[in-house]
Peer 1: 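Structure in structure tokens, see below.
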Amino acid sequence: MQIYNTLTRQKEEFAPREPGKVAMYVCGPTTYNFIHLGNARPLVFFDTVRRYLQYKGYKVKYIQNFTDIDDKIINRAREEGEDPIRLAKRYVEEYYRDADALNVMRADVHPKVSEHLDDIVGMVKTLVDKGYAYVVDGDVYYNISRFRGYGKLSGRSLEDMQAGARVEVDRRKKHPMDFALWKAAKEGEPSWTSPWGAGRPGWHIECSAMSVKYLGNNFDIHGGGFDLIFPHHENEIAQTEAATGQPFARYWMHNGFITINQEKMSKSLGNFFLVREILDKFPPEIVRFFLLSTHYRSPLDFDDEKLSAAGRGLERVKNCLRALEEAVKTNPRPGVSNEDKALIDGLSEKVSRFNDAMDDDFNTALAVGILFDAVAEINAYLHGAAREGGAGMEALGRALEVIKTFNSVLGLFKTDRAGGIILEAQSGADSALVEGLIDIIINMRQEARARKDYAMADSLRNQLGKLGIILEDTPKGVRWKKQG
RNA sequence: GGCGACAUAGCCAAGUGGUAAGGCAGAGGACUGCAAAUCCUCCAUUCCCCAGUUCAAAUCUGGGUGUCGCCUCCA
């Protein structure tokens, strides 16, 4: 398996530090608002990485933090007149609602800054003691000039950065690019005690302290968005390697941006779409499918039209699944015919290509293409079986299994306890009553058709259609589904 | 100003030396009362432009054009 490593700027063969086990850390959101689509991309992508590694048989330890102490949170809390810690906590809960909807698995640990002050202060102290950090008026700064490898992740030199520095230089810093490990408390801000007085952690130190705490000094994969390469991850490396004296994360992975009209989506530009808003209009599996349809390192342009085109594509997969489940119910014939054998072999080839695609730096776009190939092959088989002797039990079982396998990695559809794919999340209000009513209408329409009253039949179908209920007349009877 | 990425059909998008996956949209046909779903067939002699390397390039090299990103909080 090959992984593109930002650190070396090339694909490398993946070999975890401990055979069979993978330790990974993904930078999570700062919780001062609902998450937007740009936040969702790394969530969904790295969740897929995790799922694939597990599918490959690795035991994965997956950590994703919440930044719940931060300037943006404090500012937001001030505007809302709410306690910052409470506000952050609220948005952590909201985060889970969105992430769960997108079928993102929970991390093994979701550490919060507010619960790791001891670890953070401990690491800052180590850096001060080792001479990598200095104290000025209760602030603690990292002295980047002391760290020889500074710039190795983002591929820039200290000189380049000094020339390009756009920020007003704080005269108290030894180097303009020195960054805060610890910020002295200001009036009215939450603060914690430390050897340097009351204050709070700088942004970068939390990930260093927490990742090392849960995964050790040199874990396998560290992930996040492209924009974290500099300064966040560069600084993490400087801090952690200086503190531990060992190399930090081994593979650095970064996902590309979501753009709107080819421009970066970001909170600062104000052109962002909340996951919550998008999920009001589209089912979550479409959003997830859309995110995985492009390679993770490429930019992905978002608009409603593209999402709905993706949804129309995903519908093919759903239809195939429905047809498959229906075929299984109509007592398939035992044994393995030549056609059955051809399908089973064809599907094995798809699985092998799917694995190859994912092995090549998690090429989910190619993997999705292979899913469609499998769907086309299954549909053609079902189509042929319909006019001949019927489908074979073993072939159908294999087809269902392959689609489920692909789904377990891509995480598009949620599954029930028995491992079955859930296609329609029926809301509680629906179910029995609605289904009963629809059956009554379908029967009325069938009677109309029987007496060739097509005007009535079509009218009933159209009216249901307006409510998002789609009827399909098949040789085996009428089938209905919800739109989307 | 420094550094970097990308440019493939109407749209989205794989493919990084061997002769263009897949999806959406579209055209024709089968099935159907009509639809829908599904199946079959078609839909880029060509991969931003120019030059070069090679038996062979969308893929490598050089130059140009365009778009985007990072250098400041940001996934």
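Here is how names work: the chains are called A, B, and so on, in the same order as the sequence lines, proteins then strands, and each is numbered from 1.
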Peer 1: Taking atom C1' in both B:rA75 and B:rG15, compute the distance separating them and give it to the nearest angstrom.
Peer 2: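 Straight-line distance between the two C1' atoms is 27 Å.
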
Peer 1: Give the C-alpha distance, both sets of side-chain angles, the deciding distance and a yes or no for ring pair (Phe, Tyr, Trp, His ring centres under 6.0 Å) between A:Tyr62 and A:His110.
Peer 2: CA-CA 9 Å; A:Tyr62 191 93; A:His110 279 285; 8.0 Å; no

Peer 1: Is it the case that A:Lys264 places NZ or CZ above or below the six-membered ring of A:Phe257, under 6.0 angstrom from the centre and within 45 degrees of the axis?
Peer 2: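 Output yes; distance and angle both within limits.
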
Peer 1: Taking atom types as modelled, find out whether A:Asp68 and A:Thr31 have a side-chain donor-acceptor pair closer than 3.5 angstrom.
Peer 2: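 No donor-acceptor contact under 3.5 Å links the two side chains.
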
Peer 1: Pick the C1' atom in B:rU32 and in B:rG26, then give their distance to the nearest Å.
Peer 2: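 Rounded to whole Å, the distance is 22 Å.
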
Peer 1: Please tell me which of the listed nucleotides, B:rU38, B:rC24, B:rG69, lies nearest to the side chain of A:Ala309?
Peer 2: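 Looking only at side-chain atoms, A:Ala309 lies closest to B:rC24.
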
Peer 1: Please state the C1' separation for the pair B:rU65 and B:rG22 - nearest whole angstrom.
Peer 2: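 So the two C1' atoms sit 30 Å from each other.
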
Peer 1: Rounding to a whole Å, what distance do you find between A:Asn235:CG and B:rC71:P?
Peer 2: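 One finds 12 Å between P of B:rC71 and CG of A:Asn235, rounded.
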
Peer 1: Taking the P atom in each of B:rU53 and B:rU46, what is the distance between them to the nearest angstrom?
Peer 2: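 Pairwise P distance, B:rU53 against B:rU46, rounds to 22 Å.
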
Peer 1: Scan A:Gly38 against the nucleic acid and name what it touches under 4.0 Å (heavy atoms): base, sugar-phosphate only, or nothing.
Peer 2: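 The answer is base, as A:Gly38 lies within the cut-off (heavy atoms under 4.0 Å) of a base atom.
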
Peer 1: Please tell me whether A:His204 and A:Tyr142 form a close aromatic pair, meaning their ring centres lie under 6.0 Å apart.
Peer 2: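 No, they do not, as the ring centres are separated by 6.0 Å or more.
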
Peer 1: Taking for each residue the nucleotide of RNA chain B bearing the nearest heavy atom, is the 5' side occupied by A:Thr259 or by A:Ala40?
Peer 2: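 Nearest-nucleotide comparison on RNA chain B picks A:Thr259.
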
Peer 1: If I pick the C1' atom on B:rC47 and the same atom on B:rG17, what distance separates them, to the nearest angstrom?
Peer 2: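 B:rG17 and B:rC47 have their C1' atoms separated by 15 Å.
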
Peer 1: Strictly by modelled atom types, are A:Asn65 and A:Glu206 linked by a side-chain donor-acceptor pair under 3.5 Å?
Peer 2: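 Side chains of A:Asn65 and A:Glu206: pair found under 3.5 Å.
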
Peer 1: Could you report the tightest heavy-atom contact between A:Thr48 and A:Leu410, atom names first, then the distance?
Peer 2: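 In terms of heavy atoms, the two residues are closest at OG1-O, 4.2 Å.
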
Peer 1: If the P atom of B:rA56 is compared with that of B:rA5, how far apart are they to the nearest Å?
Peer 2: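 Each nucleotide's P atom is 28 Å from the other's.
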
Peer 1: Hey, does A:Lys264 reach any base, or is it just sugar-phosphate, or nothing, if we go heavy atoms under 4.0 Å?
Peer 2: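 Base: the residue A:Lys264, judged by heavy atoms under 4.0 Å, touches a nucleobase.
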
Peer 1: What contact category does A:Ile229 fall into here, base, sugar-phosphate, or nothing, at under 4.0 angstrom with non-hydrogen atoms?
Peer 2: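 Contact class for A:Ile229: none.
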
Peer 1: Which pair of heavy atoms, one from A:Ala107 and one from A:Gln64, lies closest together, and at what distance?
Peer 2: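 Where A:Ala107 meets A:Gln64 most closely, the heavy atoms are CB-N, 3.8 Å.
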
Peer 1: Mind checking if A:Arg312 touches a base, just sugar-phosphate, or nothing, with heavy atoms under 4.0 Å?
Peer 2: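 Counting heavy atoms under 4.0 Å across all strands, the contact made by A:Arg312 is with sugar-phosphate only.
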
Peer 1: Is it possible for you to check whether A:Arg41 lies under 6.0 Å from the centre of the six-membered ring of A:Tyr296, through NZ or CZ, and within 45° of that ring's axis?
Peer 2: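 No, A:Arg41 does not sit over the ring of A:Tyr296.
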
Peer 1: Could you write nucleotides 27-36 of chain B as a row of B, S and -, 5' to 3', where a protein heavy atom under 4.0 Å of any base atom gives B, of only sugar-phosphate atoms gives S, and otherwise -?
Peer 2: ------BBBB

Peer 1: Can you tell me the base-pairing partner of B:rC60? Count Watson-Crick or G-U wobble geometry only, both distances below 3.5 Å, and say none if there is no partner.
Peer 2: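 Pairing partner, where one exists within any strand: B:rG52.
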
Peer 1: Please report the distance separating the C1' of B:rC49 from the corresponding atom of B:rG4, rounded so that it comes out in whole Å.
Peer 2: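 One C1' to the other, the span is 22 Å.
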
Peer 1: Once you apply the 3.5 Å cut-off to both distances, tell me the Watson-Crick or G-U wobble partner of B:rC39, or none.
Peer 2: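 Pair assignment: B:rC39 / B:rG29.
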
Peer 1: Across all strands, who's sitting opposite B:rA14 as a Watson-Crick or G-U wobble pair, both distances under 3.5 Å?
Peer 2: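 Matched B:rA14 with nothing under the 3.5 Å cut-off.
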
Peer 1: For A:Leu153 and B:rG4, what is the distance between atoms CG and C1' respectively, to the nearest whole Å?
Peer 2: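 Answer to the nearest Å: 13 Å.
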
Peer 1: Return no unless some side-chain N or O of A:Asn319 is found under 4.0 Å from OP1 or OP2 of B:rU38.
Peer 2: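 Yes, because at least one side-chain N or O of A:Asn319 sits under 4.0 Å from OP1 or OP2 of B:rU38.
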
Peer 1: Specify the separation, in whole Å, of atom CD of A:Glu326 and atom P of B:rU38.
Peer 2: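 To the nearest whole Å, that distance equals 13 Å.
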
Peer 1: On RNA chain B, check which nucleotide each of A:Arg9 and A:Phe289 is closest to and give me the residue with the more 5' one.
Peer 2: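 Final value for this comparison: A:Arg9.
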
Peer 1: Searching all strands shown, indicate the nucleotide that pairs with B:rG69 (Watson-Crick or G-U wobble; both distances under 3.5 Å).
Peer 2: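 Its partner is B:rC3 (Watson-Crick or G-U wobble, both distances under 3.5 Å).
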
Peer 1: Using a 4.5 Å cut-off on heavy atoms from C-beta on, say whether the side chain of A:Arg445 contacts that of A:Asp473.
Peer 2: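 The answer is yes, as the side chains (C-beta and beyond) meet within the 4.5 Å cut-off.
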
Peer 1: Take the protein atom CD of A:Glu234 and the nucleotide atom P of B:rU72, then report the distance between them rounded to whole Å.
Peer 2: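 Atom-to-atom, A:Glu234 to B:rU72, this comes out as 12 Å.
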
Peer 1: Please tell me whether A:Asn319 and A:Lys481 have a donor and an acceptor in their side chains that are separated by less than 3.5 angstrom.
Peer 2: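 On atom types as modelled, these side chains qualify, holding a pair under 3.5 Å.
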
Peer 1: Let me know the distance between CG of A:Leu307 and P of B:rA25, rounded to the nearest Å.
Peer 2: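 Atom CG in A:Leu307 sits about 15 Å away from atom P in B:rA25.
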
Peer 1: Between A:His233 and A:His254, how do the two ring planes meet: parallel, tilted or perpendicular, split at 30° and 60°?
Peer 2: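 Tilted.
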
Peer 1: Specify the separation, in whole Å, of atom NZ of A:Lys476 and atom P of B:rU38.
Peer 2: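 Value for this atom pair: 16 Å.
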
Peer 1: To the nearest 0.5 Å, what is the distance between OH (A:Tyr4) and CE (A:Met253)?
Peer 2: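 Spacing of OH (A:Tyr4) from CE (A:Met253) equals 11.5 Å.
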
Peer 1: From the list B:rU38, B:rA75, B:rC73, which nucleotide is the closest neighbour of the side chain of A:Asn255?
Peer 2: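 Nucleotide nearest to A:Asn255's side chain: B:rA75.
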
Peer 1: Over how many whole Å does the gap from A:Lys350 atom NZ to B:rG22 atom P extend?
Peer 2: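 A:Lys350 atom NZ is separated from B:rG22 atom P by 11 Å.
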
Peer 1: Roughly, in whole Å, what's the span from CZ in A:Phe226 to C1' in B:rU72?
Peer 2: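 After rounding, the gap between these two atoms is 19 Å.
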
Peer 1: A:Tyr141 ring centre to A:Arg172 NZ or CZ under 6.0 Å, with the angle to the axis within 45°?
Peer 2: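 Negative - A:Arg172 is either too far from the ring of A:Tyr141 or too far off its axis.
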
Peer 1: Taking protein heavy atoms under 4.0 Å as touching, what does nucleotides 12-19 of chain B look like 5' to 3' if B marks base contact, S marks sugar-phosphate-only contact and - marks none?
Peer 2: SSSS----

Peer 1: Between B:rA25 and B:rA13, how far apart are the two C1' atoms, rounded to whole Å?
Peer 2: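 Nearest-Å result for B:rA25 against B:rA13 at atom C1': 14 Å.
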
Peer 1: Just checking A:Gly384: base, sugar-phosphate only, or nothing, at a heavy-atom cut-off of under 4.0 Å?
Peer 2: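 It contacts nothing in the nucleic acid.
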
Peer 1: How about A:His222 and A:Phe219: are their ring centres within less than 6.0 Å of each other?
Peer 2: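 Centroid separation for A:His222 and A:Phe219: below 6.0 Å.
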
Peer 1: If you only use heavy atoms from C-beta on, which nucleotide in B:rC71, B:rC39, B:rA75 is closest to the side chain of A:Phe230?
Peer 2: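 From the listed options, B:rC71 comes nearest.
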
Peer 1: With the threshold set at under 4.0 Å for non-hydrogen atoms, list the residues of residues 370-378 of chain A touching RNA chain B in residue-number order.
Peer 2: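 Contacting residues: A:Phe372, A:Asp373, A:Ala376.
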
